[in-house]
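Heads up, the thing below is written out as structure tokens.
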Protein chains: 2
Amino acid sequence: MAKAQKPTINDVARLSGVSKKTVSRVINKSPLLNQATREKVEAVIAQLDYVPNPQARALALRRNFLIGLIHDNPNAQMVLNVQEGILDTIRATEFALVVRPVDRHSPTLLDDIRHFIEQQRLYGVMLLPPLSENDELARLCRDLGCTVVRMGSARLDDEAHLVASNDQEAVCEAVEWLAHLGHHRIGFVAGPEGFRSARERELGFIAGMGRAGLTIDPALLTRGNYRFESGKAAGEALLDAENPPSAIFASNDVMAAGVLHAACARGLRVPQDLSIIGFDDTAIAAHIWPPLTTVRWPIRAMARTAALKLIRPETAAREPAFFPSDLVRRASAIEYSGDPTG
Amino acid sequence: MAKAQKPTINDVARLSGVSKKTVSRVINKSPLLNQATREKVEAVIAQLDYVPNPQARALALRRNFLIGLIHDNPNAQMVLNVQEGILDTIRATEFALVVRPVDRHSPTLLDDIRHFIEQQRLYGVMLLPPLSENDELARLCRDLGCTVVRMGSARLDDEAHLVASNDQEAVCEAVEWLAHLGHHRIGFVAGPEGFRSARERELGFIAGMGRAGLTIDPALLTRGNYRFESGKAAGEALLDAENPPSAIFASNDVMAAGVLHAACARGLRVPQDLSIIGFDDTAIAAHIWPPLTTVRWPIRAMARTAALKLIRPETAAREPAFFPSDLVRRASAIEYSGDPTG
DNA sequence: TTGTAGGCGTTATCAG
DNA sequence: CTGATAACGCCTACAA
């Protein structure tokens with residue numbers, strides 16, 4: 001039942017009585033072409049249901065129409081959002097998306113990626129955090145002749161090769177919101193050292209406390225690694241402090257969920273006894289109880305734009321590079337109700 | 001700094017003083033080759049850091065070394081696990097993974113997928129549930145000349161083209177576990193109609209109740225659509241029943257989280273007043289409070305095997321097709337403690 | 001065991 | 001505006 005054989009450019013040329021090259025011109029929308037000729041060829045193309053062979057084009061053009069997504073990101077929801085965003089942009093094009101999860105700590109990371117890019121002759125790659133913070137990696141990709149767009153939480157690159165959220169400002173606003181709710185002892189769970197996003201969120205916390213006129217108690221500063229268990233441990237440490245906080249900001253949602261576990265395990269009620277704010281607005285934020293107040297950043301839109309910068313480098317600089325985040329107010333953060341021990 | 005030009009098979013041939021064809025034989029590990037010749041050529045290949053151009057191979061062989069992952073699955077964690085499993089298998093090969101999220105309800109679904117497969121000349125595709133249950137789609141892919149492996153929760157295809165979990169048996173065991181804990185009024189939240197996995201889990205529930213010698217109260221049978229909100233609604237309906245259940249089995253974790261919300265919103269304590277069991281063991285299961293007892297199925301291992309069936313069809317039938325699930329016992333399901341209204 | 005000629009489907013060059 | 005002719009890098013068939 002399989003169709004005899006896929007039609008090739010030769011079939012189209014023969015049936016429409018022109019040369020291959022002319023057909024090629026039609027395909028590639030060359031401007032210098034007789035309108036009548038074009039229409040004739042297009043009719044045959046439609047009739048034959050002809051689709052150009054991308055492998056042949058790739059060979060002739062010395063470049064493959066593949067966009068690579070390289071990441072080592074533990075946040076499944078985010079990665080998937082990115083994939084969907086990229087697809088939004090390339091769906092109607094000849095590009096395809098090839099994914100490559102990697103291990104950031106592998107000693108052969110750079111070699112692996114080099115091999116991957118060379119082997120597949122990628123057109124361009126998109127780097128997700130935290131990998132996107134690796135300048136050496138970005139340089140490698142470019143040396144390999146492929147465009148790179150990085151997604152990050154700060155100015156990691158020039159605007160033609162970057163889509164970034166403004167984590168610092170977002171966290172700052174979240175902290176101000178807590179202050180506005182009357183909290184003055186606010187705990188902080190930082191992300192892992194070496195992560196740019198973690199650093200930005202940390203700076204945002206400091207700035208927010210400053211703007212709100214609150215002092216930072218070093219005893220309420222903890223650090224996790226963006227994973228659930230570390231958030232739980234940080235929550236325990238914070239709640240066991242001599243003078244515990246009435247609100248905690250965690251640098252991502254999963255750690256915020258960990259803080260929530262720590263609180264529940266101690267019999268505290270959230271949000272009555274403890275307010276919690278997270279970051280990312282991943283699925284978990286809305287699904288835990290109570291629903292988590294958190295910072296949302298427009299991942300999918302960023303990915304769409306990133307893909308655009310990848311496949312249309314000539315207009316890349318004109319696309320936005322910075323995307324605002326906003327605070328999603330849910331039930332996990334409410335007004336300060338006085339000292340629970342009082 | 002970009003290397004002048006990538007070496008081609010011609011460079012290797014020239015430098016090692018043999019013909020292209022001989023180099024080709026070395027690359028393809030042809031058995032009829034002088035050992036000395038082979039070693040000589042291999043040395044040159046290593047020295048030049050030569051990598052065969054996959055586009056050229058694809059053109060000559062009329063097939064591309066791309067595995068497509070086509071899905072319309074809302075569970076990010078699952079999709080990512082699948083991607084990682086496939087990568088485990090193809091990492092050291094010349095294959096690459098290209099992903100294609102689609103909209104199951106699009107009227108042009110089949111055409112879109114046909115176009116995608118033809119355009120990229122895919123080597124094989126992997127179908128995730130619920131798309132994998134679509135026989136018409138599977139047939140289309142095969143007619144297009146590409147191998148299909150389906151992932152599902154029942155015998156959707158022959159063993160060479162299938163990796164499946166046994167949802168029915170797994171749910172059955174979960175229900176027996178609840179019965180063993182002393183629960184006799186057990187509520188059920190089914191998945192959406194038309195989903196094979198939903199049907200299997202439903203059958204498992206019925207079987208489990210039967211095995212435990214419990215009767216099924218139709219008032220405790222509800223249906224959701226695998227999404228959070230529907231789980232919450234189902235939970236509300238169940239808890240508002242005249243004679244509410246002491247335990248609820250939800251057909252996936254997200255709906256279980258919804259049930260948990262419904263319970264919390266009514267001031268019930270989980271698990272003291274209500275036991276809950278979910279299905280999938282996605283990240284959310286461990287991260288909500290209390291940690292969710294749930295059914296885990298070995299997604300990544302299944303994906304690894306599926307990829308193997310895709311790239312080595314000749315040995316596909318020898319790979320396992322069925323994978324056992326197991327119950328992860330966490331805190332959300334405990335012993336029945338008598339009628340809460342009593 | 002190895003080499004030669006030709007083809008895979010497309011695009012680039014450069015005449016006409 | 002259009003068309004021969006020659007790449008692109010690899011593989012198959014056939015010959016030596």
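Letters A, B, ... mirror the listed sequences (proteins, then strands); counts begin at 1. Computed from heavy atoms alone, side chains included, the values below leave out hydrogens, waters and symmetry copies.
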Are OP1 or OP2 of [N] and a side-chain N or O of [X] less than 4.0 angstrom apart?
X       : N      : result
B/Arg62 : C/dC8  : no
A/Asn10 : C/dG9  : no
B/Asn53 : D/dC8  : no
B/Ser24 : D/dC11 : yes

Q) Hey, which of these two, B/Ala56 or B/Arg38, hits DNA chain C nearer its 5' end, going by closest nucleotide? A) B/Arg38
Q) Want to settle it: does B/Arg25 or A/Gln55 sit nearer the 5' end of DNA chain C, counting the closest nucleotide to each? A) B/Arg25
Return the value, rounded to whole Å, for the distance between atom [atom1] of [X] and atom [atom2] of [N].
X        : N      : atom1 : atom2 : result
B/Gln120 : C/dG9  : CD    : P     : 17 Å
B/Arg63  : C/dG9  : CZ    : C1'   : 18 Å
B/Ile45  : D/dG9  : CD1   : C1'   : 14 Å
A/Arg14  : D/dT2  : CZ    : C1'   : 19 Å
B/Glu94  : D/dC10 : CD    : P     : 12 Å
A/Phe65  : C/dT10 : CZ    : P     : 13 Å
A/Leu61  : C/dG9  : CG    : P     : 16 Å
B/Arg121 : C/dT10 : CZ    : P     : 7 Å

So [X], base contact, sugar-phosphate only, or nothing? Heavy-atom distance under 4.0 Å.
X       : answer
A/Leu59 : base
A/Val18 : sugar-phosphate
A/Ile9  : base
A/Pro54 : nothing

Q. Would B/Leu127 and B/His71 satisfy side chain to side chain contact (heavy atoms under 4.5 Å, CB included), going step by step from the backbone distance to the final call?
A. CA-CA 6 Å; B/Leu127 264 23; B/His71 75 269; over 6 Å; no
Q: Give the C-alpha distance, both sets of side-chain angles, the deciding distance and a yes or no for side chain to side chain donor-acceptor pair (under 3.5 Å) between B/Arg150 and B/Asn134.
A: CA-CA 10 Å; B/Arg150 308 204 232 177; B/Asn134 186 333; over 6 Å; no
Q) Side chains of A/Glu42 and A/Gln47: is there a donor and an acceptor less than 3.5 Å apart? A)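 A/Gln47 and A/Glu42 do not have a side-chain donor-acceptor pair below 3.5 Å.
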Q: Please determine, by modelled atom types, if B/Thr8 and B/Tyr50 share a side-chain donor-acceptor pair under 3.5 angstrom.
A: no
Q. In terms of side-chain geometry, is the basic nitrogen of B/Arg57 or B/Glu94 positioned less than 4.0 Å from the acidic oxygen of its partner?
A.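 The answer is yes: the pair qualifies as a salt bridge.
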(Q) Salt bridge check, B/Glu84 against B/Arg300: does any charged N sit closer than 4.0 Å to a carboxylate O? (A) yes
Nearest-nucleotide pick for [X], side chain only, options being [options]:
X       : options               : answer
A/Thr8  : D/dT2, C/dG7, C/dG9   : C/dG9
A/Lys21 : D/dT12, D/dG3, C/dG3  : D/dG3
B/Thr22 : D/dC10, C/dT2, D/dG3  : C/dT2
B/Leu33 : D/dC10, C/dT10, C/dT2 : C/dT2
B/Thr37 : C/dT2, C/dG3, D/dC1   : C/dT2
B/Lys20 : C/dT2, C/dC8, C/dG6   : C/dG6

